[in-house]
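When reading the values below, keep in mind they use all heavy atoms of this one structure, side chains included, and skip hydrogens, waters and symmetry mates. Not measured: the values here are computed from a predicted model.
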Amino acid sequence: MKKKLPWLKYDMKKAEYMETKEQEKDAKKKLDEAAKTLNDLKEPIEKQKQEKAVLDAKCKKAGRLINENSKRLTEIMSNESHLGVQVRGKYKEMEELKKQEESRQQRIIKAKEGLAVAEAELENLPPYEPPKDELENLKAQILELEVSANNKRNQKSEKERLLGQKKMSLRNCLDRLKDMENTHNKCLQALVKSGTERIFEAYHWVQEHRSEFNKEVYGPVLLEVNVSDRVHANYLEGHVPYYIWKSFITQDPRDRDFLVKNLKSFDVPVLNYTGDEGRAPLPFQLTKEMHSIGIYSRLDQVFNAPNAVKEVLTSQFGLDRSYIGSKETDQKADEVLKLDVLDCWTPDNHYRWSKSRYGNHFSASVDAVGRSSLLLCSLDVGEIEVMRSKKMELEESVSVIEESLGSFKNDLRYLEEEAAKFHKQREDIIKILQHEKKKRREIESLIDQRRRKLESLDKEDDLDTLMAKLIDQAAKYNIQRFHCAMEVKELLVEAVSFKQSFAEVHMASIEFDAKIRDLEVDLKQHEKFAVQASLHFEYCKKEVENFRQQLSAAKRQAESIATITPELEKEFLEMPTTIEELEAAIQDNISQANSMLFLNNNILEEYEHRKNQIEDLAKKLEADNKELRRCLAEIDNLKENWLPTLRNLVARINETFSRNFQEMAVAGEVSLDEHDKDFDQFGILIKVKFRQAGQLQVLSAHHQSGGERSVSTILYLVSLQDLTNCPFRVVDEINQGMDPINERKMFQQLVRAASQLNTPQCFLLTPKLLPDLEYSEACSILNIMNGPWIDQPSKVWSSGDCWGSVTGLVGKTQC
């Protein structure tokens, strides 16, 4: 019986397989019918569209004819209007000719009378002889006076030029002195704003008691240091603590004690420079390796100051060990430490390396370079005294030159007055002579003009000839206007015909549009049926293949247990023909065998109970299998609806992510991690590579560093920016694990994505940002002042002053 059981199961699988095969044939038949119906529906639509295309062509042709007709009509109307203007112009010219003829006759009479009067006046004009001897004497006297005046004038010009140079030098000296004094006050005022409120009083006290010092006293240090370059000023102010700029430097212990005693109330430090501290300054020498990475100077070489001040700054703060580099040094920052340089400034960053006390390894820190608020106001105090002495010398020179210049002006004024008298006498004689000549020339010119005018009036055209010519031209224009009116009439009739034809064709085209829309709606409905039939057919094909595999497996299982022989087939005919009956018979035989071996009185009842349990489990199993098949079919239908949409969405994310990642690193991609029907295991795979020689690796802590994972994460979030529907997004300290280059690129990507239209608002929370980042107009920066319990900064902040005052007080507290 146990040999027959797998063959019965095989027969059952075969029956199920044949049933599924029939379902597949029915689904195929329905799919073919749906396809045929679609083809039958598409043919009339295509015919309708072809007929509509013919009507559209006719409609376009009619429209083109209407446009051409309208264009021709506009041209003819414009031509007719132009001809009308020409005709009216000819009529006006005729009227003007008549008026001109009357005026011409009157002008001829007046011209003859004027000519006779001018000729009589010329005959009556007496001759004039000029006084030549008197003119020659006046000319000689004027020349002599002008030579003397020119000599005086040259001497005066030389003095004026010298005076101008001296005054210009004096003005420059005064301006420079004023600028020096203003700059001096600006530096002290900058210290006041930064928190040293009584620095003016301390400075004036030192100036008043300078004679009581044993040696020179310098201070405040800010006034003694001169830095010409703004960038170097940023470096120096960032390197030296704030307290040193308000300090006074002495060179004698007694002076130091004297200052400490008297300046204690002013809250200013006092330093003493002895000059024998035993620390030799490092010689300034740059190697080729330093030049190759952009290092071009050292911090103690970029400013001027008295020797004592410079020695204090260099010895106290290691200026001779702090080097200055360019933007190239930023790019090669890793090579700086190899040159034994532990402190380096670049236009954007301040690099510092420190050696561990417990090992030979170095730790590095990078800070942004701040802007100088104090050093650019400083100036050398000694220059003020030099400029004051120069001012006094220039004022004395100007006074002497002005006195000598006054005498030259008096002599020149006398010579010019004498020459002016002779000039006036000579000019009076010349004016009389010119007046007589001019009068005679004017009379002769008047006679000539009146003769030419009379001749021109006699030569003007005959009135009758001109009138006849204008009448002929007006008649020609009127004939052309008549022809234009006839053409307008023909074009209007033609336009009415074209518009009627266009209206008929257009209405027919609208009817075809309505028919085509109705047919397309019906076609779309049948297309939905066809898609459903296609999905059902594919499902049936999968079921057939599934049952075929199960049938093959059942046959192999049965053949492995028993091969059908004629004797075995006869025995099978005597056994039950269903699986349930056969299993029950097998169980009965087993129970009988057990009852023979074991004397148990309840064995029959136990057999019946288990038989009932088996039947119940079999029914439940069949129901569960049926429900499982239904659920799997429903899952497949749902999966076919949302899985393509999900794949398309992931593809869009991958496209944006790959493009953004190429700008930041080497390559990256986003893909959907599918697991057939195990939907809990579905996920997103992010693969990246940051080196050309590497391969794409799944994003994880085993393959990428923390900074690389941060870059990949923020780029994935940026790729979601225009795909998600949320009011705002918050990113917290994503830039903390990145190097400056990747952080700058990441920030540009984030700004560009967040500034696009119809994207959610994005908040980036971070304790710091790199300097000189690019912001769009859609970006806002909010600085959070979360220290109201810090006494001094909170007071300054509450009064509305700038950040410089707050940071100055903080620097003072640190000192």
Side-chain angles (χ1 to χ4, degrees), residues 231 234 326-331 333 346-351 365-371 649-670 684 686-691 699 704-786 802-804 806-807:
V231 176
N234 295 338
S326 60
K327 289 186 178 293
E328 182 182 1
T329 313
D330 264 329
Q331 301 174 359
T346 66
D348 295 326
N349 297 303
H350 180 198
Y351 297 90
S365 64
V366 182
D367 297 319
V369 177
R371 296 188 61 183
L649 182 62
V650 173
R652 291 170 60 189
I653 295 173
N654 178 53
E655 180 181 356
T656 307
F657 182 80
S658 300
R659 183 176 63 254
N660 293 339
F661 210 88
Q662 286 179 356
E663 298 179 7
M664 291 285 292
V666 176
E669 66 176 24
V670 176
I684 293 292
I686 301 178
K687 296 182 179 180
V688 297
K689 71 173 182 177
F690 287 83
R691 286 158 287 278
L699 188 64
Q704 289 84 22
S705 65
E708 292 172 343
R709 295 200 303 276
S710 297
V711 170
S712 305
T713 304
I714 193 61
L715 287 181
Y716 180 71
L717 294 177
V718 168
S719 303
L720 297 177
Q721 184 77 11
D722 56 348
L723 300 177
T724 54
N725 214 358
C726 58
F728 64 88
R729 305 174 70 185
V730 180
V731 182
D732 185 18
E733 298 188 11
I734 191 67
N735 60 329
Q736 293 308 298
M738 300 182 189
D739 59 276
I741 296 175
N742 282 333
E743 182 178 350
R744 190 173 298 276
K745 292 181 180 179
M746 176 279 296
F747 188 82
Q748 292 175 355
Q749 295 276 4
L750 188 60
V751 168
R752 183 174 59 191
S755 301
Q756 295 177 359
L757 294 176
N758 302 321
T759 55
Q761 187 178 11
C762 185
F763 293 90
L764 174 61
L765 307 180
T766 178
K768 71 178 184 65
L769 285 174
L770 291 176
D772 300 327
L773 293 174
E774 296 181 4
Y775 301 90
S776 69
E777 294 182 357
C779 294
S780 298
I781 302 175
L782 303 179
N783 291 315
I784 308 303
M785 195 305 191
N786 57 356
C802 63
W803 268 108
V806 179
T807 55

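- Counted within 6.0 Å of CZ on Arg652, heavy atoms from surrounding residues, nucleotides or ligands total 12 or fewer; the atom is thus considered open.
- Under the 4.5 Å side-chain criterion, counting only non-hydrogen atoms from C-beta, Phe657 is in contact with Val688.
- For Ser780, there are no side chain to side chain contact (heavy atoms under 4.5 Å, CB included) partners at least two apart in sequence or on another chain.
- Using a 4.5 Å cut-off on side-chain heavy atoms (C-beta onward), Tyr351 and Thr329 make no contact.
- Just one residue in the list Asn654, Leu699, Val670 forms a side-chain contact (heavy atoms from CB on, under 4.5 Å) with Ile684, and that residue is Val670.
- Without hydrogens or angle criteria, Ser658 side chain to Gly668 main chain gives a donor-acceptor distance under 3.5 Å.
- The CG atom of Asp348 sits 5.5 Å away from atom CG of Asp330, with the distance rounded to the nearest 0.5 Å.
- Here the straight-line distance linking atom OG1 of Thr759 with atom CZ of Phe728 works out to 14.5 Å at 0.5 Å rounding.
- Taking CG of Leu750 as the start and CG of Leu715 as the end, the distance is 9.5 Å to the nearest 0.5 Å.
- Of all the heavy atoms in Thr346 and Val369, the pair that sits closest is O-CG2, 3.3 Å.
- In terms of heavy atoms, Ser776 sits closest to Ser755 at OG-OG, 2.8 Å.
- Applying the 6.0 Å contact sphere to CZ of Arg752 captures more than 12 heavy atoms from other residues, nucleotides or ligands.
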Acceptor/donor pairs from residues 764-774 side chains to any protein atom, 3.5 angstrom cut, sequence neighbours excluded:
from   : atom 1 : to     : atom 2 : distance (Å)
Thr766 : OG1    : Asn735 : OD1    : 3.2
Thr766 : OG1    : Asn735 : ND2    : 3.2
Thr766 : OG1    : Gln736 : NE2    : 3.1
Thr766 : OG1    : Lys768 : N      : 3.4
Thr766 : OG1    : Lys768 : O      : 2.7

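- Among all heavy-atom pairs drawn from Cys779 and Val751, the shortest one is SG-CG1, 3.7 Å.
- Considering CD1 of Ile686 and OG of Ser712, their distance stands at 7.0 Å, rounded to 0.5 Å.
- Under the rule for a salt bridge (charged side-chain N to carboxylate O under 4.0 Å, His left out), Glu669 has no partner lying at least two apart in sequence or in another chain.
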